[in-house]
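So that the names make sense, note that chain A is the first sequence line, chain B the second, and so on, each numbered from 1. Side chains are part of it too, since the values below use all heavy atoms of this structure and drop only hydrogens, waters and symmetry mates.
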Number of protein chains: 2
Amino acid sequence: MDSKTKNRPQTLPDGGRPTLKTIAFMTGLGITTVSRALKDAPDIGAETKERVRLVAKQIGYQPNRAGVRLRTGKTNVISLVLTLEEEIMGITSPMVVGITEILGGTPYHLVVTPYSAVKDALAPIRYILDTGAADGVIISRTEPHDARVALLTERGLPFVTHGRTEMGIVHPYHDFDNERFAYEAVRKLVARGRRRLVLLEPPPHLTFYSHMRAGFERGLRDFQADAIGFHQTNIDHSLVEIRDAFEVLMRSEDAPDGIVSGSGSGAIALIAGLEMAKKKLGEDCDMVSKSPSDFLRWLRPEVMTMYEDIRVAGRELAKAVIGHIDGQPPETLQSLSQPEFQPPITRGLRA
Amino acid sequence: MDSKTKNRPQTLPDGGRPTLKTIAFMTGLGITTVSRALKDAPDIGAETKERVRLVAKQIGYQPNRAGVRLRTGKTNVISLVLTLEEEIMGITSPMVVGITEILGGTPYHLVVTPYSAVKDALAPIRYILDTGAADGVIISRTEPHDARVALLTERGLPFVTHGRTEMGIVHPYHDFDNERFAYEAVRKLVARGRRRLVLLEPPPHLTFYSHMRAGFERGLRDFQADAIGFHQTNIDHSLVEIRDAFEVLMRSEDAPDGIVSGSGSGAIALIAGLEMAKKKLGEDCDMVSKSPSDFLRWLRPEVMTMYEDIRVAGRELAKAVIGHIDGQPPETLQSLSQPEFQPPITRGLRA
DNA sequence: CATCGCAACTGTATCGTTACAGATTTGAAG
DNA sequence: CTTCAAATCTGTAACGATACAGTTGCGATG
């Protein structure tokens, strides 16, 4: 056999699926040439590239992910790391949708990697690093000094956080402006004549705890209102706990007349506690709540809501990880979504 | 070199990650032996197996997924196929959590594969089949004659459906007993003296449409109530559409006094429509609703809810696909979850 | 003391892809 | 008529794992 054609595929691959070998066979080229033609390498002739691309398209060639991954280490996987616990109010749904909307136009797949105990937050990160399971990672519930961020940065694995950190590391993130949310909430409540305000805040170890508190306190100063303490309770507590604690507060001397709720599901529990204390929302007390879904607006239009669009967050996060993977500088991959009050649901027919 | 030891690894792999080669080097065995020892093959000595397992554990060996996948075709991936559209009320969240709870104890990863247009429901299935992207598939929103089920069965790829089909193919599924739900709902409403009942039903093309209708109609017969038509509207319509249509119905001569809502978010819209027609829930009209989350119970305790536990559904689905992959007969992988009325939220302190 | 069977282990080829180091052709320069 | 460089193309090896077809050593059998 002519040495020049020694390596030309003589047979097609067994399985029905086309590979480089299939294209090489059909075009009469070598496998290497086909591979390089498809990645538009400079040492392949223009006409050859055209021919290869045509055939590849015709037979519906798609590179074998395992082959690529084994050879290059590129997984084409984005890993979404989630706590099983945070799922109470279903923030994951729109997030997954948003992410996949972006990944749909790319070769990336979305893998969901869960962890259970809060102290194990590092475990899935280690797993991904150790096994090279993903090209990029999305994490949420960031802390000011976040061990995951430190580890990922040190090991050079691209990632993006949902929430910011405070450790002097410049990394991609997307966040909701919780400072501004709380500030605007206070403004709104004071405008309604409320001056004794309570905040249902995030757990203190998370970064956005201090954002929200800062906004709240700045609002109190600027608009001259007072804080009612409710520190024993935060949005990570169960709805029953929040409700009961709030009932006690509402029955006390110290009852607030305005509420800022840092979570949509927390708002439900606050309303229940308020009603158990025989108070009426909109009369004895007004409330502003963050809300990632629509049900509050529909069922309790008295509540003033600021919509946190998790779906958009998912899109931003996906774009940011990919940007990071592609080598864009982290500082260009940071975004903050601005809270805005939602209009009430249209009440007219044919709305 | 002695031919007997010709293939013994002389060097460790470059990357830090241990491979079979690493273990072979450390134990002085051949790569093949190590591979077979770790899968407990019968032709490897007991002591050798022990030694290999020990070393593997010590150095934290984990098989390279790309290597396995390339050689064997086994992906260790379960694909969850979702419509981007169905995500309105966030059913995905608890579902993903339930699935990952089960996959956590297995080598499987969960990949989320979305599709957008309803007519493209087959596209992700074809993709998975063509590229061998997964060992098993989870699909939802089944139709009586479901092209995806036909295709997956024909091509022999293990799968499970959330919902049943009616095409004479015995396949794994998990479903909520919608027939019984509607039947019990009618019973409850009639027990409350309601006799003019309306059903907010699923879109007619889905299998559980006929289940729910059948249960509803059986209930009407058994408990002697009448149906009020509401056929122009179903749970896939927008909340605003549902609300407006229901307002019209409630203002008409033909207004119902009892509602069976096939979806939790639909219930929200029905309540809004009812209130816009100046009617009062619990007085002019009672309602039983399916509810995958808690907010209805908290915010509208007048609504009687039957909880559909999507998280459990996720667990059942995951177990069923894996069972199917492992060759268990499909008829042993079918389950139906029984609806039960939920107790009201505990009202006392320290509940 | 050959021969056989068995237990325990190993080498080779392969999955699909790509990095790397050639190989071949062509045409221009000397 | 060399010689050389540029333009194209190609073979080989390797990523990590496993199927398959051996090989080795050893005690039992005739």
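- Taking the side chain of T48(B) as heavy atoms from C-beta on, and the options dG16(D), dT18(C), dC9(C), the nearest nucleotide is dC9(C).
- In this structure, of dG16(C), dA8(C), dA17(D), it is dG16(C) that holds the atom nearest to the side chain of L70(B).
- Put simply, the side chain of R71(B) and the base of dT18(D) share a donor and an acceptor less than 3.5 Å apart.
- Ring-centre distance between H162(A) and Y173(A): not below the 6.0 Å cut-off.
- When each of R36(B) and D43(A) is assigned the nucleotide of DNA chain D with its nearest heavy atom, D43(A) is the one assigned upstream, toward the 5' end.
- T100(A) places a side-chain N or O within donor-acceptor distance of the main-chain N or O of V96(A), the cut-off being under 3.5 Å.
- For dT10(C), the OP1/OP2 oxygens have a side-chain nitrogen or oxygen of T33(B) closer than 4.0 Å.
- In this entry the distance linking CD1 of I44(A) with C1' of dT18(C) reads 13 Å, nearest Å.
- Minimum atom distance to the side chain of T32(A) is reached by dA19(C), of the listed dT10(C), dA19(C), dT18(D).
- Salt bridge annotation for E143(B)-R148(B): absent, with no cationic side-chain nitrogen under 4.0 angstrom from a carboxylate oxygen.
- T72(B) comes within contact range of the sugar-phosphate backbone alone, with a heavy-atom separation under 4.0 Å but no base atom that close.
- For N64(A) and dC15(D), the CG to P distance is 18 Å, given to the nearest whole Å.
- Using a 4.0 Å cut-off between charged side-chain N and carboxylate O, K49(B) and D40(B) make a salt bridge.
- Which of dT10(D), dA17(D), dA8(C) sits closest to the side chain of Y61(B) comes down to dA17(D).
- The nearest whole Å value for the distance from the CG atom in L29(A) to the C1' atom in dG11(D) is 14 Å.
- For P63(B), the listed nucleotide lying nearest its side chain is dA17(D); candidates were dT18(C), dC9(D), dA17(D).
- Taking atom CD1 on I31(B) and atom C1' on dC9(C), their separation rounds to 14 Å, with Å as the unit.
- As rounded to whole Å, 13 Å separates atom P of dC9(D) from atom CD of E50(A).
- The separation between I23(A) atom CD1 and dT17(C) atom C1' is 12 Å, rounded to whole Å.
- Contact between the side-chain N/O atoms of K39(A) and the OP1/OP2 oxygens of dT18(C) is found at a separation under 4.0 Å.
- Ion pairing between a basic and an acidic side chain is recognised when a charged N comes within 4.0 Å of a carboxylate O; D130(B) and R17(A) show no such pairing.
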